[in-house]
Amino acid sequence: MRAGIGIRLVPFRERLSAMAENDTVIAAARNWKGEPLALATVVSTWGSAPRPRGSHMLVHADGRFEGSVSGGCVESDIMETAAQVIEGAPFQVKRYGVADAAAWEVGLPCGGEIAVMVQPVSAEGFDPELFDRIAEARDHGRTLTVSTDLASGHSDLRPLETGETFVNRYDPPRRLLIVGAVQIAQSLAGLARTLGIETVVIDPRARFLTEERFPGTVLDDRWPDEAIAALRPDRSTAVVTLSHDTKIDDPALIEALKTDAGYVGALGSRRSHAARRERLAGGGVQAHDLDRIDAPVGIDIGAIGPSEIALSIAAAMVGAFRAEG
């Protein structure tokens, strides 16, 4: 690793979660497999950095690229570096910040600083087979970690026992299971889609669950407990009950609390939730599991109307996912 770049070395056991936006990079890497590529990765951030650690940008030798490491501030310079790496130059770690002499040309006017590693997509750098392994793990709901030796630029699935290692964690895709095809669910499904969260709306009532009301959304007409058991929520999954019908919501919550769901929320007032806790406790749900339920669901923003309530739920869900990460 070159001296003087100012990178903060990441301790071996610190795992940094790659964001959902990396899905497009993984897909592009698999489509471009066998072609000359370089991978740029944010390995450290300071201050108001525009992209989190673990964010990728994949660059093709012909100039095409996918992903982002700064939201547009330094991408042009990274593409030039990537072209050099593709041509055979050694991997590099580059640092960018507002204090740079050319801050407004190649820097971060927002005031943050980042360090970006650029490595070849090859057996000596980031092995192209790793993209397949990452995609396979995510498809099966598993987390995968990739370690990179910052002295050599080589990435591997095996832990690297060195203090100069960047470890990037690739979690399963985020999912949202909405129980109750009500008006709030329509707004929430749209927000989740914008956030890149896979969404399933569950409701056994055919009149509520229609493609016209939920365009572009997976619809499941099974009883919620059956659907949730089949969908197997994990730490990257949120379950939110919105029907206001105890026959629908209660079985869904009981089933969700049997899983590792990263977020469980239920619509209703504090009074109605107190009654819900009594019902669920009577059904055998333990107190520590009942405490997992976010109710009234969402963060308190004084929301009025379905769209604002959906926004408060989406914010609480994202916060829970961040805490899991």
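- Between Asp289 and Arg277, no side-chain nitrogen of the basic residue sits less than 4.0 Å from a carboxylate oxygen of the acidic one, so the salt-bridge criterion is not met.
- No donor-acceptor pair closer than 3.5 Å links the side chain of His140 to the backbone N or O of Arg142.
- Put simply, the side chain of Ser187 reaches to within 4.5 Å of the side chain of Ser307, judged on heavy atoms.
- Expressed to the nearest 0.5 Å, how far OG of Ser155 lies from CG of Asp127 amounts to 9.0 Å.
- No side-chain donor-acceptor contact under 3.5 Å links Glu255 to the backbone of Glu226.
- Under the 4.5 Å side-chain heavy-atom criterion for ILVMFWY residues, a single connected hydrophobic cluster contains both Leu290 and Leu253.
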Check step by step if side chain to side chain donor-acceptor pair (under 3.5 Å) holds for Asp156 and Ser147.
CA-CA 5 Å; Asp156 205 304; Ser147 301; over 6 Å; no
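- Under 3.5 Å, the side chains of Arg276 and His273 contain a donor-acceptor pair of N or O atoms.
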Is there a side-chain contact (heavy atoms from CB on, under 4.5 Å) between Arg51 and Val69 once you walk through the steps?
CA-CA 6 Å; Arg51 298 284 290 133; Val69 292; 5.6 Å; no
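- The closest side-chain heavy-atom distance from Phe208 to Leu219 is not below 4.5 Å.
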For side-chain contact (heavy atoms from CB on, under 4.5 Å), just list the numbers for Arg175 and Leu231, CA-CA rounded to whole Å, side-chain angles, deciding distance to a tenth of an Å, and then say yes or no.
CA-CA 10 Å; Arg175 293 188 297 164; Leu231 292 168; 4.0 Å; yes
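- Residue Asn22 holds its CG atom at 7.0 Å from CG of Asn168, rounded to the nearest 0.5 Å.
- For the pair Thr246 and Pro251, the tightest heavy-atom approach, listed with the atom from each and the gap, is O-CD, 3.4 Å.
- Under 4.0 Å is where a charged nitrogen must lie from a carboxylate oxygen, and between Lys94 and Glu80 no such pair does.
- Cluster annotation: Ile86 and Leu39 are assigned to distinct hydrophobic clusters (Ile/Leu/Val/Met/Phe/Trp/Tyr, side-chain heavy-atom contacts under 4.5 Å, transitive).
- Cluster annotation: Leu209 and Val218 are assigned to distinct hydrophobic clusters (Ile/Leu/Val/Met/Phe/Trp/Tyr, side-chain heavy-atom contacts under 4.5 Å, transitive).
- Val239 and Ile313 are not part of a single hydrophobic cluster, where members link through side-chain heavy atoms under 4.5 Å apart.
- Taken from CZ in Arg205 to CD1 in Ile248, the straight-line distance is 4.0 Å, to the nearest 0.5 Å.
- A heavy-atom distance below 4.5 Å is not found between the side chains of Pro36 and Pro120.
- Nearest heavy-atom pair, Pro128 versus Ala123, reported as atom, atom and distance to 0.1 Å: CD-N, 4.5 Å.
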From CA spacing to verdict: side-chain contact (heavy atoms from CB on, under 4.5 Å), Phe126, Val146:
CA-CA 9 Å; Phe126 197 96; Val146 175; 4.0 Å; yes
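- In this structure, the side chain of Asp260 does not engage the main chain of Gly262 through any donor-acceptor pair within 3.5 Å.
- When atom types are taken as modelled, the side chain of Thr41 and the backbone of Val43 share no donor-acceptor pair closer than 3.5 angstrom.
- Checked by atom type and distance alone, the side chain of Arg292 pairs as donor or acceptor with a backbone atom of Leu257 at under 3.5 Å.
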Please walk me through it: do Ile114 and Val74 pass side-chain contact (heavy atoms from CB on, under 4.5 Å)?
CA-CA 10 Å; Ile114 60 174; Val74 303; 4.2 Å; yes
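- A search for side-chain hydrogen bond (donor to acceptor under 3.5 Å, both in side chains) contacts involving Arg222 returns Asp220, not counting sequence neighbours.
- Taking the side chain as every heavy atom from C-beta outward, Trp32 and Val121 never approach each other to under 4.5 Å.
- If you take CD on Gln119 and OG1 on Thr148, they are separated by 5.0 Å, rounding to the nearest 0.5 Å.
- Crowding of Arg133 atom CZ: a count of heavy atoms from other residues, nucleotides or ligands under 6.0 Å not exceeding 12.
- In summary, the side chains of Thr143 and Arg169 do not present any donor paired with an acceptor at a separation below 3.5 Å, with no hydrogens or angles considered.
- Looking only at side-chain heavy atoms (C-beta outward), Met57 and Met79 come within less than 4.5 Å of each other.
- Hydrophobic clustering (ILVMFWY, side-chain heavy atoms < 4.5 Å, transitive): Ile254 and Ile293 are in one cluster.
- At distances below 3.5 Å, not a single donor-acceptor pair connects side-chain atoms of Glu113 with backbone N or O atoms of Arg95.
- Between Val116 and Ala40 the shortest heavy-atom distance is CG1-CB, 3.9 Å.
- Of the possible donor and acceptor atoms, one in the side chain of Asp294 sits under 3.5 Å from a partner among the backbone N and O of Gly298.
- Residue Asn31 holds its CG atom at 12.0 Å from CD1 of Ile26, rounded to the nearest 0.5 Å.
- Taking a 6.0 Å sphere around CZ of Phe214, one finds it holds more than 12 heavy atoms contributed by other residues, nucleotides or ligands.
- When side chains are defined from C-beta on, Ile197 counts as touching Met317, because their heavy atoms get closer than 4.5 Å.
- No more than 12 heavy atoms of other residues, nucleotides or ligands sit less than 6.0 Å from atom CD of Gln183.
- Looking at Ile228 and Val179, their side chains come closer than 4.5 Å, going by heavy atoms from C-beta outward.
- Looking at heavy atoms from C-beta onward, Tyr263 lies in side-chain contact with Val240 at the 4.5 angstrom threshold.
- Of all the heavy atoms in Arg174 and Phe321, the pair that sits closest is CD-CD1, 3.6 Å.
- Between Pro172 and Arg138, the closest heavy-atom pair is C-NH1, 3.8 Å.
- Across all non-hydrogen atoms, the minimal contact from Ala151 to Glu164 is CB-OE1, 3.9 Å.
- We find that Asp132 and Lys33 are joined by a salt bridge, their nearest charged nitrogen and carboxylate oxygen being less than 4.0 Å apart.
- Between the OG atom of Ser312 and the CG atom of Leu188 there is a distance of 9.0 Å, given to the nearest 0.5 Å.
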